[in-house]
Amino acid sequence: MNSLTLLALVRAAPTIKAAGDKQIATFPVEVAAYRDNDPPMPLQVTAWGNLAADAGTIKPGKHYVLTGRLRLEKSRPPELQINSFHAVTPLDAPGINIVSLVGRAGRDPEVRYFESGSMVANLTLAVNRRSSGDEPDWFNLEIWGKQAQVAADYVRKGSLLGIIGSFKLDRWTDRTSGEERSKPVIRVDRLELLGSKRDAEAGGSFGGGGFGGGEPSDEEVPF
């Protein structure tokens, strides 16, 4: 499962092209930053088939609620493949940014504790695409508070998880090159352990329960 619903400002009119026997529409949007005073987050949007033709009605400078599937590629910015859209005003739909994912943990959580008493757990999640032969999408998860403690206690590499959270871009300056860099992250608000107790104790495995794709490697994922 991979679903993202968000409020976005369209920055340019869609470009519609032929892709085989179908059409594809692409257009850039901006999403409100997760934290105040951060710049808006850029996101590329695509629409296929009949929806691509409908996307010709989308107007730049207007706000839309977009729903679709978030795709992450190693050498490309994040892309939202939409299955629906509708125009709104920001007052009608303030700050919508909801991600729902189901997948397998790519590694054990990395847990950090702070002097304030708070804690954060970071891990990766592999979410299968619709085509069984495709590589999964890899997501970076950031989990705070009590949910982080649950992750630390019960999540292991291969655990089957369901999460609800928000999409954000972490930005920083590369100390070596001085270039601005960014990384897509899912800030988790709700964590569900979907595997059985036996599955959790064994660390889970890719290939079962319809979330196959092979055991995750020990190498760092693309993001």
Side-chain angles (χ1 to χ4, degrees), residues 1-11 28-46 63-73 76-86 88-107 109-112 114 116 118-129 136-152 155 159-172 180-194 221-223:
M1 178 183 180
N2 176 342
S3 176
L4 171 60
T5 300
L6 52 76
L7 174 67
L9 174 65
V10 176
R11 301 306 302 167
V29 301
E30 288 183 353
V31 183
Y34 187 86
R35 294 172 295 193
D36 293 339
N37 301 321
D38 280 357
M41 299 182 293
L43 187 63
Q44 185 74 7
V45 179
T46 60
H63 285 85
Y64 292 80
V65 171
L66 309 173
T67 299
R69 180 182 179 90
L70 187 62
R71 291 195 65 167
L72 302 178
E73 301 284 353
R76 298 173 57 186
E79 175 187 315
L80 176 61
Q81 295 183 343
I82 60 172
N83 51 47
S84 69
F85 67 88
H86 64 272
V88 296
T89 67
L91 293 179
D92 292 333
I96 293 178
N97 184 339
I98 303 171
V99 181
S100 300
L101 303 171
V102 174
R104 299 270 183 184
R107 55 182 168 86
E110 176 185 324
V111 182
R112 288 180 292 160
F114 301 92
S116 63
S118 61
M119 64 181 294
V120 62
N122 295 95
L123 65 145
T124 54
L125 189 74
V127 179
N128 276 4
R129 296 179 179 174
D137 287 305
W138 285 95
F139 295 88
N140 291 284
L141 305 186
E142 179 184 284
I143 312 172
W144 291 83
K146 294 181 180 180
Q147 301 281 315
Q149 189 64 61
V150 171
V155 174
S159 296
L160 180 60
L161 308 175
I163 71 98
I164 296 176
S166 300
F167 169 74
K168 67 172 187 168
L169 283 178
D170 278 353
R171 295 181 172 94
W172 71 95
E180 293 294 322
R181 299 191 180 276
S182 64
K183 177 177 72 173
V185 176
I186 306 301
R187 170 72 179 255
V188 175
D189 298 315
R190 180 176 177 182
L191 171 68
E192 296 286 347
L193 307 176
L194 301 180
V221 298
F223 299 97

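Basis for what follows: all heavy atoms, side chains included, without hydrogens, waters or symmetry-related copies.
Note that CD1 of Ile82 is 11.5 Å distant from OG1 of Thr5, once rounded to the nearest 0.5 Å. For the atom pair CZ (Phe167) and CG (Leu80), the distance works out to 9.0 Å, reported to the nearest 0.5 Å. Between the CZ atom in Arg190 and the CD1 atom in Ile163 there is a gap of 11.5 Å [rounded to 0.5 Å]. Atom CZ in Arg129 sits 3.5 Å away from atom CZ in Arg71 (nearest 0.5 Å). To the nearest 0.5 angstrom, Asn140 atom CG is 8.5 Å from Leu72 atom CG. To the nearest 0.5 Å, atom NE2 of residue His63 and atom NE2 of residue His86 are 13.0 Å apart.
Within 6.0 Å of the CZ atom in Arg171, the count of heavy atoms belonging to other residues, nucleotides or ligands exceeds 12.
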Apply side-chain contact (heavy atoms from CB on, under 4.5 Å) to the pair Ile143 and Val150, showing each step before the final yes or no. CA-CA 10 Å; Ile143 312 172; Val150 171; over 6 Å; no
Determine whether Met41 and Asn97 satisfy the following criterion, side-chain contact (heavy atoms from CB on, under 4.5 Å), listing intermediate values before the conclusion. CA-CA 12 Å; Met41 299 182 293; Asn97 184 339; 4.1 Å; yes
For Asn83 and Thr67: C-alpha separation, side-chain torsions, deciding distance, then whether side-chain contact (heavy atoms from CB on, under 4.5 Å) applies. CA-CA 6 Å; Asn83 51 47; Thr67 299; 3.8 Å; yes
Could you go through the side-chain contact (heavy atoms from CB on, under 4.5 Å) check for Leu43 and Leu70 one step at a time? CA-CA 10 Å; Leu43 187 63; Leu70 187 62; 4.3 Å; yes
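Taking the six-membered ring where the residue is Trp, Phe114 and Trp144 present parallel rings, their angle staying beneath 30° rather than reaching 60°.
Shortest non-hydrogen contact noted between Leu160 and Arg104 is CB-NH1, 3.6 Å. Between Leu123 and Pro109, the closest heavy-atom pair is CB-CA, 4.1 Å. Residues Ala121 and Ala148 approach most closely at N-CB, 3.8 Å, considering heavy atoms. Across all non-hydrogen atoms, the minimal contact from Arg112 to Asn122 is NH2-OD1, 3.7 Å. Minimum interatomic distance between Asp189 and Gly165 (heavy atoms only, all atoms of both residues): OD2-CA, 3.6 Å. The nearest pair of heavy atoms linking Ile98 to Ile164 is CG2-CG2, 4.1 Å.
Each of Leu193, Leu194, Leu101 was scored for a side chain to side chain contact (heavy atoms under 4.5 Å, CB included) with Leu161, with one residue passing: Leu193.
Taking the charged nitrogens against the carboxylate oxygens, Lys168 and Asp170 do have a contact shorter than 4.0 Å, which makes a salt bridge.
The shortest side-chain heavy-atom distance between Phe139 and Asn2 falls under the 4.5 Å cut-off. Here the side chains of Val127 and Pro136 are not in contact, with every heavy-atom distance at 4.5 Å or above.
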